[in-house]
Structures are given as structure tokens and as C-alpha cells.
**Student:** 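Shown below is the structure under consideration.
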2 protein chains.
Amino acid sequence: MQTTPAATEHATPADICSAPPRRHPRPDGQDRYTISEVVAFTGLTAHTLRWYERIGLMPHIDRSHTGQRRYRNRDLDWLDFVTKLRLTGMPVADMVRYAELVREGEDTYAERQALLESTRRDVLNRIAELRDTLAVLDRKISFYATEGTTR
Amino acid sequence: MQTTPAATEHATPADICSAPPRRHPRPDGQDRYTISEVVAFTGLTAHTLRWYERIGLMPHIDRSHTGQRRYRNRDLDWLDFVTKLRLTGMPVADMVRYAELVREGEDTYAERQALLESTRRDVLNRIAELRDTLAVLDRKISFYATEGTTR
DNA sequence: AGCTTGCTTGGAGTGCACTCCAACGCCATA
DNA sequence: TATGGCGTTGGAGTGCACTCCAAGCAAGCT
């Protein structure tokens with residue numbers, strides 16, 4: 001494991017460019033959270049959090065002296081990002097791939113960029129499809145609304 | 001094997017986003033299609049079409065004198081709608097529920113409207129989430145773009 | 001007549017993303 | 001010292017949405 005201060009500074013290079021708006025406010029100045037706190041912040045289950053770690057979707061999580069997980073703010077940032085990726089419908093395997101690239105360091109910037117750009121295109125397509133669907137729904141809803149009231 | 005140019009046309013995923021409305025035009029004036037024609041129109045597999053019928057997501061499909069399915073235009077319309085609902089992430093069970101309401105006739109207009117309105121809210125939320133995700137992706141992508149070129 | 005193609009069925013299998021289980025450890029409070 | 005609460009693990013189980021299989025039938029072509 002890397003333990004140099006430099007490594008700590010940009011331990012997860014992905015985090016440098018992320019300043020996410022927080023939906024689950026974290027206590028200020030704290031940087032060690034139990035798994036149940038993370039459950040409360042993220043809405044994920046403890047099972048899922050452990051499973052993410054097992055499959056390599058999470059970096060190694062710090063442990064207390066008794067072996068319990070202590071999540072740090074950068075882990076929560078990463079979880080926020082993963083949750084967003086999941087919402088796009090990206091398969092977990094692809095997210096794991098991205099996580100691997102992050103672990104491999106700066107040499108993978110280009111590949112990470114390509115991966116995210118492909119995801120970006122997927123998201124745009126998905127939004128377009130959803131807007132299409134919305135139009136169909138609106139048409140049907142207004143049909144039911146008028147038919148329901150005029151008879 | 002199919003040798004139509006259409007098969008070649010949608011080989012590249014890039015074309016998908018430039019072909020929004022009807023990717024598989026139906027022949028004019030026809031109203032009886034074999035299962036394999038419907039496969040070509042919808043992109044669903046024959047397995048899935050039969051499964052949809054078994055679980056009650058499709059109405060009873062007409063049969064030829066030999067017992068083979070003959071889909072009609074209204075069946076294709078229904079499949080288009082189902083496909084849109086599926087894109088919203090609606091569980092199949094909910095779609096089956098809607099199909100049941102349709103079979104039960106006009107008395108269920110109000111309930112159908114409520115169901116679609118709830119779906120509509122889901123779709124709007126989903127679009128908002130995706131836009132959020134898009135913002136995050138753009139931030140990261142531009143980070144990788146500048147970092148990748150400046151070093 | 002023989003062969004190929006397309007379609008039929010019920011039931012079993014697959015892949016994904018969790019989700020749960022049993023057995024156990026640590027530790028604070030009563 | 002005991003009880004409750006929170007945490008740990010590997011492995012097995014679950015639910016969803018397909019997906020495939022084997023065996024068979026009917027029609028069309030040579």
C-alpha cells in the first residue's frame with residue numbers, strides 16, 4: 001500500500017475534480033465514519049457496501065484497531081459518484097473497470113476520459129428516450145383526463 | 001440470413017442517436033405479421049415476445065390456421081408503448097397491471113391515469129438525476145482533458 | 001420423399017445486482 | 001459477568017427479466 005504524504009494528497013486522483021453537492025450532510029471536520037453512518041448517508045445497505053469493496057468497486061477502506069471499517073470523506077465522495085454512475089444504468093463491471101483505472105494512476109487519464117465520454121453519450125441518449133416517453137405519457141394522460149371527465 | 005441494407009445500417013451504435021422515431025417501418029396496409037417480423041420491428045427476441053404473452057403483458061395474439069402467431073398493428077403499437085415504459089425502469093409487474101386495467105375496459109380510466117401520472121413523475125425525476133450526472137461527467141471529463149494535455 | 005426453415009410448447013437455465021445467513025468478535029453499560 | 005448492540009466473514013440465496021433447450025409440427029422447395 002502507498003503511505004507517502006504525496007499519495008495521500010491525491011490518493012484518488014478522481015476526487016480532485018469532484019466537488020459534489022451533498023444530499024446527505026456530513027458532520028463537519030469528521031473523517032471517520034462507521035458503516036452504519038455511511039448507510040445513513042448514502043442509502044445503500046451495509047451488505048452492498050461490503051460487496052462493493054469485495055468486487056473492487058471501492059478502494060481499501062481504513063479499519064479501526066478492532067478491524068471495523070472506518071470510511072473517510074473521500075470514500076463518501078467516491079460512493080456519490082458510483083451512485084450517479086449506477087443511475088445511468090452502467091453495469092457494475094464497467095464501474096469496477098473505472099475504479100481499476102483510478103487505482104492505476106495518472107497514466108490512465110486518457111482511457112478514463114474515453115470511458116466517461118462514452119458514458120456521457122449513453123446518458124444523453126437516455127435523456128432523449130425519456131423525453132420521448134414523457135411525450136407519450138402526456139398524450140395518454142390527457143386522453144384519460146378528458147375521456148374520464150366528459151362521460 | 002438477412003441481407004437487407006437496414007441490418008448494416010444499425011450496426012454502428014452512433015447511428016442510434018440520429019434515428020429517433022421509427023427505426024423499423026412497417027409495410028403499409030399490412031396487418032398480420034409473423035413473430036420474426038415483429039422481432040425485426042421491435043428488436044425484442046421471439047423468446048421475449050412469447051414470454052410477454054405468457055405473463056399477460058400482451059393481449060391474446062391472433063393465430064394462423066396452423067397455430068402460429070399473427071401480430072396486428074395494434075399489437076405493435078402496444079409493444080412500442082411497453083418498450084417505452086420499460087425504458088423508464090418500470091417493473092414488468094407494473095406493466096402487467098396496466099395491461100390488466102386495459103383489458104378490464106373503460107371503468108379503469110381513472111386508475112390508468114393515476115398509474116401513468118405516477119410513472120410520469122418517475123420519469124421527470126430520472127431525467128433530473130441524469131442531468132445531475134451529466135454535470136458531474138462533464139466536470140470530470142474536462143478535468144481529464146486539461147490534465148491529459150498539460151502534462 | 002426428403003430436407004430445410006420457421007414456429008410451437010413447458011420448463012429449466014442464466015446473469016446481474018444485490019441480499020441474507022450463521023457464527024462469531026468487541027465493547028459499553030447494568 | 002451478562003446482555004445488547006454493532007460489527008465481521010465466506011458463502012449461499014433471491015428476484016428480476018429474460019434466455020435457452022429439446023422435441024415436435026407444418027409448409028415450401030427440389
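Lettering of chains follows the sequences in order, A, B, ..., and the numbering in each one begins at 1. Just so we're clear, the structure is a prediction, and the values are computed from it rather than from any experiment.
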**Student:** OP1 or OP2 of dG7(D) versus the side-chain N and O atoms of Thr34(A): is any pair under 4.0 Å?
**Tutor:** yes
**Student:** Just by distance, with hydrogens left out, do Asn73(B) and Tyr33(B) show a side-chain donor and acceptor under 3.5 Å apart?
**Tutor:** yes
**Student:** Which is true for Arg50(A) with a 4.0 Å heavy-atom rule: it touches a base, it touches only sugar-phosphate, or it touches nothing?
**Tutor:** base
**Student:** Determine the contact category for Ser64(A): base if any of its heavy atoms lies under 4.0 Å from a base atom, sugar-phosphate if only primed atoms, P, OP1 or OP2 are that close, otherwise nothing.
**Tutor:** nothing
**Student:** From the options Thr119(B), Asp122(B), Leu124(B), select the one residue that forms a side chain to side chain contact (heavy atoms under 4.5 Å, CB included) with Leu137(A).
**Tutor:** Thr119(B)
**Student:** When we call it a touch if two heavy atoms are under 4.0 Å apart, what does Arg70(A) touch: a base, just sugar-phosphate, or nothing?
**Tutor:** nothing
**Student:** Quick one: is dA17(C) close enough that its OP1 or OP2 comes under 4.0 Å of any side-chain N or O from Tyr52(A)?
**Tutor:** no
**Student:** Can you classify the ring geometry of Tyr144(B) versus Tyr109(A) as parallel (below 30°), tilted (30 to 60°) or perpendicular (above 60°)?
**Tutor:** tilted
**Student:** How many Å lie between CZ on Arg69(B) and C1' on dT8(C), as a whole number?
**Tutor:** 7 Å
**Student:** Grab the NE2-P distance between His47(A) and dC21(C) for me, whole Å please.
**Tutor:** 8 Å
**Student:** May I ask you to decide whether Lys84(A) forms a salt bridge with Glu129(B), counting only side-chain N to carboxylate O separations under 4.0 Å?
**Tutor:** no
**Student:** In terms of side-chain geometry, is the basic nitrogen of Asp31(A) or Arg72(A) positioned less than 4.0 Å from the acidic oxygen of its partner?
**Tutor:** yes
**Student:** Find which nucleotide of DNA chain D each of His65(B) and Arg86(B) is nearest to by heavy atoms, and output the residue with the more 5' nucleotide.
**Tutor:** Arg86(B)
**Student:** Starting at CG of Asp62(A) and ending at P of dG7(D), how long is that distance when rounded to a whole Å?
**Tutor:** 16 Å
**Student:** Is the phosphate of dA27(D) approached by Thr66(B) (side-chain N or O, under 4.0 Å from OP1 or OP2)?
**Tutor:** no
**Student:** Provide, to the nearest angstrom, the distance between the CZ atom belonging to Arg54(A) and the P atom belonging to dT19(C).
**Tutor:** 14 Å
**Student:** Could you please name the option among dT9(C), dC27(C), dT19(D) that lies closest to any side-chain atom of Arg63(B)?
**Tutor:** dT9(C)
**Student:** When the distance from CD of Gln68(B) to P of dG24(D) is rounded to whole Å, what number comes out?
**Tutor:** 18 Å
**Student:** Distance check needed: dG13(D) P versus Trp51(A) CH2, whole Å only.
**Tutor:** 18 Å
**Student:** I need the CD1-C1' distance between Ile55(A) and dG15(C), as an integer number of Å.
**Tutor:** 14 Å
**Student:** Rounded to whole angstrom units, what separation is found between the CG atom of Leu85(B) and the C1' atom of dC16(D)?
**Tutor:** 17 Å
